[in-house]
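Heads up: numbering here begins at 1 and tracks the sequence.
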Amino acid sequence: MSIIVKNITKLYGTQKALDKVSFEVKAGEIVGLLGPNGAGKSTMMKIITCFIPPTSGDVSVYGFDIMEQSVEVRKKVGYLPENNPLYLEMYVKEYLEFVAGLHQLGKNTHKRIAEMIANTGLESEQNKKIGALSKGYRQRVGLAQALIHNPEVLILDEPTSGLDPNQLIEIRNLIKEIGKEKTVMLSTHIMQEVEAICNRVVIINKGKIVADDLTEKLSAVTSPKEIILVEFDKEVKMELLKGITGVAKVN
């Protein structure tokens, strides 16, 4: 397993942000953490990426414990926080060089920067200041910094928040492409987002998991239902009606 979460509870004073949350993520999955604002999604991601400790419970990433082996976990994980905290006065390439230095990439620095700029579609913007970029391109820079050390796991907190429709499609496609090679977990409060990107969804509400299944199965359950009332002038076999594509139930 890429990620194993066992009975994670997180308290902020008397407020319980997470309540005995448990789930596992397999290598190569794209998993959506779905829930309303304040459900505990960001808190869960911050715990997995070693930004904050849990109050109780255990998390491991590729066998490394987040409390005992946090440095090893950070090597395995790329993280794009919700607010994408970038240094706006730095140039794109300059910023990526800075991040590569933090990861001690050494001789591989320039090669990885070139690969990230190509993979995230930043060629035309690489010599601009980050502060001059659109929201969509800033998200690309955030993805590039999260990927520059070639992590096995990518954690994305609301990666498409605030994007216009064109930027939305571009970033979604980019995440799906990345998901072909890496384990991806992303958070969102929009079901359509999960349907467009993820192959599995974990629904969290008020700090507890309320559903965990393949996206297509949960989409079928949560999509609006239409009831059709028909009359026949002779007997009709129920099996024929049930066999119609899209029919869930016949009475």
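A donor-acceptor pair under 3.5 Å links the side-chain atoms of K135 to the main chain of S161, judged by distance alone. Between the R138 side chain and the G131 main chain, a donor and an acceptor come within less than 3.5 Å of each other. In terms of modelled atom types and a separation under 3.5 Å, the side chain of N83 and the main chain of P85 share no donor-acceptor contact. For the pair H103 (side chain) and K75 (backbone), a donor-acceptor distance under 3.5 Å is absent. Between the side chain of S187 and the backbone N or O of E158 there is at least one donor-acceptor pair closer than 3.5 Å. Although no hydrogens or angles enter the test, the distance criterion places no donor-acceptor pair under 3.5 Å between the side chain of E170 and the main chain of G121. A donor-acceptor contact shorter than 3.5 Å links the side chain of Q167 to the backbone of D164.
For E89, the salt bridge (Lys or Arg N to Asp or Glu O under 4.0 Å) criterion is met by K129, not counting sequence neighbours.
Between H149 and L105, the closest side-chain pair of non-hydrogen atoms falls below 4.5 Å. Residues M44 and F23 form a side-chain contact, since some pair of their non-hydrogen atoms from C-beta on lies under 4.5 Å apart. Counting heavy atoms from C-beta on, the side chains of I178 and L147 come closer than 4.5 Å. Using a 4.5 Å cut-off on side-chain heavy atoms (C-beta onward), I130 and Y91 make no contact. Put simply, the side chain of N7 does not reach to within 4.5 Å of the side chain of D58, judged on heavy atoms. In this structure, T183 and E152 have side chains that are not in contact, with every pair of non-hydrogen atoms separated by 4.5 Å or more. Between K176 and V184 the shortest side-chain heavy-atom distance does not fall below 4.5 Å.
Interatomic distance, CD1 of I169 versus CD1 of I171, reported as 11.5 Å (0.5 Å rounding). The structure places CD1 of I117 at 12.5 Å from CZ of R140, a figure rounded to the nearest 0.5 Å. How far CD1 of I190 is from CG of L34: 9.5 Å, rounded to the nearest 0.5 Å. Rounding to the nearest 0.5 Å gives a distance of 9.0 Å between CG of L133 and CG of L88. Between atom NZ of residue K41 and atom CG of residue L18 there is a gap of 11.0 Å, rounded to the nearest 0.5 Å. Rounding to the nearest 0.5 angstrom, the gap separating the CG atom in L154 from the OG1 atom in T49 is 11.5 Å.
Below 30°, between 30° and 60°, or above 60°: for Y87 and F98 the angle between ring planes is above 60°, a perpendicular geometry.
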Check the pair H110 / E97 against side chain to side chain contact (heavy atoms under 4.5 Å, CB included), numbers first and verdict last.
CA-CA 8 Å; H110 294 297; E97 286 176 4; 4.0 Å; yes

Check against side chain to side chain donor-acceptor pair (under 3.5 Å), T215 and N199:
CA-CA 5 Å; T215 305; N199 46 41; 5.9 Å; no

Where do S60 and D65 land on the side chain to side chain donor-acceptor pair (under 3.5 Å) test, with the steps shown first?
CA-CA 4 Å; S60 64; D65 183 85; over 6 Å; no

Side chain to side chain contact (heavy atoms under 4.5 Å, CB included) between L174 and T120: does it pass, once the steps are laid out?
CA-CA 7 Å; L174 184 56; T120 56; 4.3 Å; yes

Does the pair K182 and N150 meet the rule for a side chain to side chain donor-acceptor pair (under 3.5 Å), with working shown?
CA-CA 9 Å; K182 300 184 184 299; N150 198 25; 2.8 Å; yes

Begin with the C-alpha distance, continue with both residues' side-chain angles, and end with the deciding distance and a verdict on side chain to side chain contact (heavy atoms under 4.5 Å, CB included) for I48 and M185.
CA-CA 10 Å; I48 294 172; M185 173 179 279; 4.0 Å; yes

Step by step, would you call M116 with L122 a side chain to side chain contact (heavy atoms under 4.5 Å, CB included)?
CA-CA 8 Å; M116 289 303 96; L122 285 166; over 6 Å; no

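When all heavy atoms of P36 and I204 are compared, the closest pair comes out as CD-O, 3.7 Å. Residue C50 comes nearest to V73 through the heavy atom pair SG-CG1, 3.6 Å, listed as atom of the first residue, atom of the second, then distance. Here the closest non-hydrogen pair linking P54 and M67 is CD-SD, 3.8 Å. Between T160 and Q139, the shortest heavy-atom distance links the atoms N-NE2, 4.3 Å. For the pair N127 and K93, the tightest heavy-atom approach, listed with the atom from each and the gap, is OD1-CD, 3.8 Å. Taking all atoms of both residues into account, the shortest heavy-atom contact from N205 to A39 is CA-CB, 4.1 Å.
Other members of the cluster containing I228 are V230, F232, V236, M238, L241, I244, V247, V250, with ILVMFWY side chains joined at under 4.5 Å, either directly or via other members.
The hydrophobic clustering, which links ILVMFWY residues whose side-chain heavy atoms are closer than 4.5 Å, places Y95 and Y79 apart. Follow the hydrophobic side-chain contacts under 4.5 Å out from I155 and you reach V61 in the same cluster. Follow the hydrophobic side-chain contacts under 4.5 Å out from L156 and you never reach I47; the two are in separate clusters. In terms of hydrophobic clustering, with Ile, Leu, Val, Met, Phe, Trp and Tyr side chains grouped at heavy-atom distances under 4.5 Å, V194 and I175 are assigned to different clusters. If you chain together hydrophobic residues whose side chains sit under 4.5 Å apart, I4 and M45 never meet in one group.
Note on E125 versus K128: salt bridge recorded, some NZ/NE/NH1/NH2 to OD/OE distance being below 4.0 Å. In summary, K208 and D19 engage in a salt bridge, as defined by a charged side-chain N under 4.0 Å from a carboxylate O.
The neighbour count for K46 NZ, taken as heavy atoms of other residues, nucleotides or ligands under 6.0 Å away, does not exceed 12. With a 6.0 Å radius and a threshold of 12 heavy atoms from other residues, nucleotides or ligands, F64 has its CZ atom above the threshold.
Applying side-chain contact (heavy atoms from CB on, under 4.5 Å) to R112 and the options I148, L96, V99 leaves one that passes, I148.
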Which atom pairs, one a donor and one an acceptor, fall under 3.5 Å between side chains of residues 24-31 and the rest of the protein, sequence neighbours left out?
| residue | atom | partner | partner atom | Å |
| --- | --- | --- | --- | --- |
| E29 | OE1 | K26 | N | 2.8 |
| E29 | OE1 | R200 | NH1 | 3.0 |

